[in-house]
K.L.:
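I'd like to ask some things about the structure below.
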Protein chains: 2
Amino acid sequence: MTTLSPYDSMSPVARAAYRSQAAAAEIAPLPRAVKDDTLLAVADALEVRTSEIVAANAKDVARAREAGTSEAIVDRLTLTPERVRAIASDVRDVAALPDPVGEVVRGSTLPNGIDLRQVRVPLGVVGIIYEARPNVTVDAAALCLKSGNAVLLRGSSSAYESNTALVRVLRDAVGGAGLPADAVQLVPGEGRDAVRELMRARGLVDVLIPRGGASLIRTVVEESTVPVIETGTGNCHVYVDADADIDMAVEILVNSKAQRPSVCNAAETLLVHQDIAPAFLPRALDALAEAGVTVHGDARVLAYAKDSAATVVEATAEDWDTEYLSYDIAAGVVDSLDKAVAHIRLWSSRHTEAIVTNSQQAARRFTQLVDAAAVAVNASTRFTDGGQFGFGAEIGISTQKLHARGPMGLPELTSTKYIVTGDGHVRR
Amino acid sequence: MTTLSPYDSMSPVARAAYRSQAAAAEIAPLPRAVKDDTLLAVADALEVRTSEIVAANAKDVARAREAGTSEAIVDRLTLTPERVRAIASDVRDVAALPDPVGEVVRGSTLPNGIDLRQVRVPLGVVGIIYEARPNVTVDAAALCLKSGNAVLLRGSSSAYESNTALVRVLRDAVGGAGLPADAVQLVPGEGRDAVRELMRARGLVDVLIPRGGASLIRTVVEESTVPVIETGTGNCHVYVDADADIDMAVEILVNSKAQRPSVCNAAETLLVHQDIAPAFLPRALDALAEAGVTVHGDARVLAYAKDSAATVVEATAEDWDTEYLSYDIAAGVVDSLDKAVAHIRLWSSRHTEAIVTNSQQAARRFTQLVDAAAVAVNASTRFTDGGQFGFGAEIGISTQKLHARGPMGLPELTSTKYIVTGDGHVRR
């Protein structure tokens, strides 16, 4: 589709992507053992060169502190020797995972005798645009290498020194192991222009995965001509059905909301069937109050709040649409399961939706009607996670329907090709 | 991601898409029997109302003739009673195919006892933008209904009367069977504005599939914010290896090029290993001449053309990039298999690439290194087709790497969701 301009007249970003393509072609056919040895060399190099990495990171941290960045964000940015060891350990874990490349997804002998096989192959060049945490640099590179892809990394400018040091170590180790160092590259250039060029590099970049806040993801989704995998926005609901175990419902609600409120699989809205509201809501409000959660309730929830120690404020329509990522939750009472489903259809970001119920019929209807990457029955929304699902690692959680939906592990970083083998077969 | 404006303030296209979403939600959970009965009712209705359809089509045909349209295109536009019967028969074939929805793609019990299942679900609303042939209207609707999707159809203005009549019949039959008629809609409005609105209906349309010429597909790929599945551009190569059976190579070459030159899986370039060129090329040029094919040859091919009856013209760089879709083929001699692979990497549209060889090593290297939806060994490029692959039907042939690659059958019109079932599980 895309006619490429000659290398000399390409932008620096396009040149980097062009070199990524060349590297991708080299690593795509490599067998698992070569890729695993490279990953182990990467892990060793991260440990050997920890002080260089931590020193570079200290510059980013100092700059962030000077700029008055919040301690929570400074903490996410900070690399200690211990954290570098943990990152290296994660790379070894990726090496231990099965290689998706070469898996025969389907195969048959056609009536005419042709052998047909559909085989997993790498995507090619994967672009990742991400925010503060420098561990993503290594995680993403390790997952891409394992799946035979080259990676083009675009981290946050606030982590520039850290990412530069990490990528230097990664490239040295990859090159030292005999693979093309260009399999791991930082997107050159600064600011939005470089990101814009990356988003227009269709034909040179095979997929872009934005990881971060909603506004970053929206920008990439709307402006990119490179295919995008949308990740991570989670306006997740917990629906407590008429026929639910109240202890279980309270525990799942509090866990979904408060076990780690800053992540995409945390619950943001509670919906309660009107029949169970009198028994459930007082208990739930107390438990949320104890967990430090502010409730943004509709009129019916507010009516239960009078006798509660809970902090309950009046919800507006905006609350139904809000991914708080904080100790806040919207809450409403619904007339029926179908009303809950309709509310979820209207406001959900289609990440994870949970029902708590003892009714087999209700569980079945909810899982059939709710359209989301994951639907949980009598389980916390917090389980939607590559690690929890047993994938070993994840590159993100897709909230789109094409290619990959939900936690993305190594197979989601692959495409397929058909191998059609005959003995001189022609079509009549 | 998308905040929807209220229905009243939506554009006509967005309103149609909004109604498609409502219809999609209704048909997504329907069991196979209901969908199959609806498809059989559609097939019956097409036969019962054939004269209405043929009469509408006659208006399009008359208009096309007045406009001086070529007879080949008029023929593709024309519906006869026999062709309508064939279309109805295709709908019955779709009814007979297995339903992809509900298939458990993977499932396991996690160490903590949670049951995890990944289940196929419909995509939702599928938009199809296509050119002249009105049979696509019915094919696409049948495949979408079978896979539980609503379809938004945007045909060519040259087939407006035909498509309007067909969709009227489809909607009557779908509604008569008790399903929402809005599961099948034409995109309202005329001209490019309507297409542009369709391409911006992110959040209302789940996927857009352009079917047609390269310029239509390029426009949709570049301008759409709705996720796109790119289809159908085929700059396919036949590579004749040093160690090939010459009879087989000639037969595969002629079949790949000339069995049906106007389709995307026809070959557009021949590459010949230099060692076999003296024995192969004279035979190949004669056979191509007999099939009426003009050869656009490089200097080395031209040298063999002197003693041939073949029509051979000098190739320019543009020829390597051309999808002729006609009785023309580019041809070049290469020094090695790796040079053939490099040529293909540079010019291929990544649809179908074929090697003819007796060497196991060459076949293995070619299939590993060539990056395409399909790689054929000792078989014609013409086999890359949903029908040939045994999929029963196809909605198009994807030449992209995300979501679907190669012929797309019913499973490619689905996404998945994870069902996470516990007994009150919370995350620690």
K.L.:
For the residue pair B:Thr231 and B:Pro210, what are the closest heavy atoms and their distance?
P.N.:
OG1-O, 2.6 Å
K.L.:
Is a side-chain donor-acceptor pair under 3.5 Å present for A:Arg427 with B:Gln259?
P.N.:
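Distance-only check fails for B:Gln259 and A:Arg427.
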K.L.:
Below 4.5 Å, heavy-atom pairs only: which of A:Thr367, A:Leu369, A:Thr225 has the largest tally toward chain B?
P.N.:
A:Thr367
K.L.:
Whether the side chain of A:His351 engages the backbone of A:Ser349 through a donor-acceptor N/O pair (distance < 3.5 Å, no angle test) should be reported.
P.N.:
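Pair absent, no side-chain N/O of A:His351 close to backbone of A:Ser349.
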K.L.:
Just so I understand: if I count every heavy-atom pair under 4.5 Å between each of A:Arg260, A:Gln368, A:Glu412, A:Gln388 and chain B, which residue has the most?
P.N.:
A:Gln388
K.L.:
Between A:Asp338 and A:Arg345, is the closest basic N to carboxylate O distance under 4.0 Å?
P.N.:
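Looking at A:Asp338 together with A:Arg345, the answer is no, because their closest N to O distance does not fall below 4.0 Å.
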K.L.:
Quiz question: by atom type and distance under 3.5 Å, do the side chains of A:Ser348 and A:Glu353 form a donor-acceptor pair?
P.N.:
yes
K.L.:
Are there residues of residues 100-108 of chain A whose heavy atoms fall under 4.5 Å of chain B's heavy atoms? If so, which?
P.N.:
A:Arg106
K.L.:
Using a cut-off of under 4.5 Å on heavy-atom pairs, state which of A:Gly406, A:Pro29, A:Ala372 scores highest against chain B.
P.N.:
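Winner by heavy-atom pair count: A:Ala372.
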K.L.:
Relative to chain A, which segment of B:Val375 carries a heavy atom at a distance below 4.5 Å: side chain, backbone, both, or neither?
P.N.:
both
K.L.:
Is it true that atom CG of A:Asn112 has more than 12 heavy atoms of other residues, nucleotides or ligands lying nearer than 6.0 Å?
P.N.:
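Yes, CG of A:Asn112 has more than 12 neighbouring heavy atoms, counting only those of other groups under 6.0 Å.
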K.L.:
Under a plain distance cut-off of 3.5 Å, with no hydrogens placed, do B:Thr352 and B:Thr381 share a side-chain donor-acceptor pair?
P.N.:
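No, no side-chain donor-acceptor contact under 3.5 Å.
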